[in-house]
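Written out below as structure tokens is the structure these notes cover.
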Amino acid sequence: MLLISSCHGPDESGGTQVDHTQIDDLIRSSDAGRRLAHRRPLTNDVYEVVVDMLMNHALGPGDRINIDSLARSLGVSPTPVREALARVESEGLIIKAPQRGYTVAPLITLDQLRELIELRLLIEPATAAAAAKRAAVQQANELRSFARTGGAGDNDAAANRLDMLYDAKFHDMIADFAGNRLIRETLARLRSHLHMYRLYHHAGQAAATKPEHLAIARAIRDRDPEAASAAMATHLRTALDRLNAVFAGDPRAADASSATTRQG
């Protein structure tokens with residue numbers, strides 16, 4: 001009672017009003033409060049598990065997702081599952097339909113992915129050039145350090161998701177340093193990294209992209225807009241070449257893409 005009353009003060013109605021700042025301070029001062037503050041929200045964990053399942057095709061295109069069943073499998077309540085699925089839906093990986101609940105979105109087709117990369121080729125080389133002109137020394141060093149972190153070489157669902165996040169963050173950092181908010185938002189809305197890694201999850205391409213990222217980061221650090229633009233264009237064209245090679249050499253991938261085309 002003493003703790004609660006010390007955190008209250010009168011409000012306009014003559015009652016008491018909680019002093020949330022003081023309560024926050026009291027929580028942070030306790031061991032239990034600090035442990036609670038450092039716990040990851042359960043929704044984040046569920047989200048990552050679901051994304052892993054989508055990237056690894058444990059949940060395949062067109063599969064229905066039953067919230068209660070998934071909650072039981074994960075050993076959690078339905079609430080964090082609903083919250084996680086809403087987040088996954090916002091990223092275009094699953095679809096919610098009236099009376100049907102959630103279903104897994106179709107895979108993007110290879111032709112659609114090529115179009116995405118072609119669009120990026122119109123935007124990102126110029127964005128890299130702008131970053132070379134505008135990025136502060138600290139930002140350029142941060143980009144280069146981050147570029148070195150990718151490409152672990154593992155080929156499982158969790159590693160695939162980390163590769164996707166590495167690739168997406170690298171390109172987002174460049175767009176951020178270029179200083180054009182609209183370009184950055186446009187690239188984020190394309191979600192091309194999600195589509196690319198989901199489409200050829202088994203290819204393990206992150207190790208191959210790492211030297212290309214380093215070349216881009218080096219040109220930005222050297223404040224060389226032409227070299228940054230050229231390195232970015234090479235990176236995107238090479239990514240497209242790798243994609244074509246993966247599909248040419250893997251009938252399963254080609255079948256998945258053509259099946260998706262028929263579904264669309």
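Because only heavy atoms are used, hydrogens play no part in the values below, and waters and symmetry mates are left out as well, while side chains stay in. We number each residue from 1, following the sequence as shown.
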Task: Check against side-chain contact (heavy atoms from CB on, under 4.5 Å), Arg120 and His171 - done: CA-CA 11 Å; Arg120 291 175 61 185; His171 286 268; 3.3 Å; yes
Is a donor on one side and an acceptor on the other found under 3.5 Å between the side chain of [X] and the backbone of [Y]?
{"X": "Asp224", "Y": "Ile220", "result": "no"}
{"X": "Asn141", "Y": "Gln138", "result": "no"}
{"X": "Arg134", "Y": "Ala178", "result": "yes"}
{"X": "Tyr166", "Y": "Ala147", "result": "yes"}
{"X": "Ser69", "Y": "Asn66", "result": "no"}
{"X": "Arg221", "Y": "Arg144", "result": "no"}
{"X": "Lys133", "Y": "Pro225", "result": "no"}
{"X": "Glu48", "Y": "Asp45", "result": "no"}
{"X": "Thr234", "Y": "Ala230", "result": "yes"}
{"X": "Glu185", "Y": "Leu182", "result": "no"}

Open item on the list: Just checking Glu226: does its CD atom have more than 12 heavy atoms from other residues, nucleotides or ligands closer to it than 6.0 angstrom?
Closed with: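 Open: at most 12 neighbouring heavy atoms sit under 6.0 Å from CD of Glu226.
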Open item on the list: So for atom CZ, which belongs to Arg181, do other residues, nucleotides or ligands contribute more than 12 heavy atoms lying within a distance under 6.0 Å?
Closed with: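 12 or below, so no.
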Any link between [X] and [Y] through a network of hydrophobic side chains (Ile, Leu, Val, Met, Phe, Trp, Tyr) touching at under 4.5 Å?
{"X": "Met55", "Y": "Ile95", "answer": "no"}
{"X": "Ile65", "Y": "Ile67", "answer": "yes"}
{"X": "Phe146", "Y": "Leu214", "answer": "no"}
{"X": "Leu74", "Y": "Leu42", "answer": "yes"}

TODO: Using a strict 4.0 Å threshold on nitrogen-to-oxygen distance, state whether Arg114 and Glu118 make a salt bridge.
DONE: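 Judged by the 4.0 Å cut-off on N to carboxylate O distance, Arg114 and Glu118 do not form a salt bridge.
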Open item on the list: Between Glu212 and Arg237 (salt bridge meaning N to carboxylate O under 4.0 Å), is one present in this structure?
Closed with: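 Here Glu212 does not pair with Arg237 in a salt bridge, since their nearest N and O are not under 4.0 Å apart.
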Can you confirm whether [X] sits close enough to [Y] that some side-chain heavy atom of one is under 4.5 Å from a side-chain heavy atom of the other?
{"X": "Thr109", "Y": "Gln112", "result": "yes"}
{"X": "Leu121", "Y": "Met232", "result": "no"}
{"X": "Leu70", "Y": "Val50", "result": "yes"}
{"X": "Leu187", "Y": "Asp172", "result": "no"}
{"X": "His213", "Y": "Asp167", "result": "yes"}
{"X": "Tyr47", "Y": "Glu83", "result": "no"}
{"X": "Val104", "Y": "Leu93", "result": "no"}
{"X": "Phe170", "Y": "Leu143", "result": "yes"}

How many angstroms lie between [atom1] in [X] and [atom2] in [Y], if you round to the nearest 0.5 Å?
{"X": "Ile183", "Y": "Asp176", "atom1": "CD1", "atom2": "CG", "answer": "12.0 Å"}
{"X": "Leu116", "Y": "Asp111", "atom1": "CG", "atom2": "CG", "answer": "11.5 Å"}
{"X": "Glu91", "Y": "Leu54", "atom1": "CD", "atom2": "CG", "answer": "10.0 Å"}

Open item on the list: Checking Asn180 against Thr127 for the side-chain contact (heavy atoms from CB on, under 4.5 Å) test, could you report, in this order, the C-alpha distance in whole Å, the side-chain angles of both residues, the deciding distance, and whether it holds?
Closed with: CA-CA 8 Å; Asn180 188 312; Thr127 303; over 6 Å; no
Open item on the list: Under a 3.5 Å threshold, yes or no: a donor from one side chain and an acceptor from the other, between Thr43 and Arg87?
Closed with: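 There is no such pair between these side chains.
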TODO: Starting from the C-alpha separation in whole Å, work towards a yes-or-no answer on side-chain contact (heavy atoms from CB on, under 4.5 Å) for Leu107 and His57.
DONE: CA-CA 10 Å; Leu107 290 174; His57 297 183; 3.9 Å; yes
TODO: Kindly indicate, with the supporting measurements, whether the criterion side-chain contact (heavy atoms from CB on, under 4.5 Å) is fulfilled by Ile216 and His235.
DONE: CA-CA 8 Å; Ile216 298 166; His235 168 52; 3.9 Å; yes
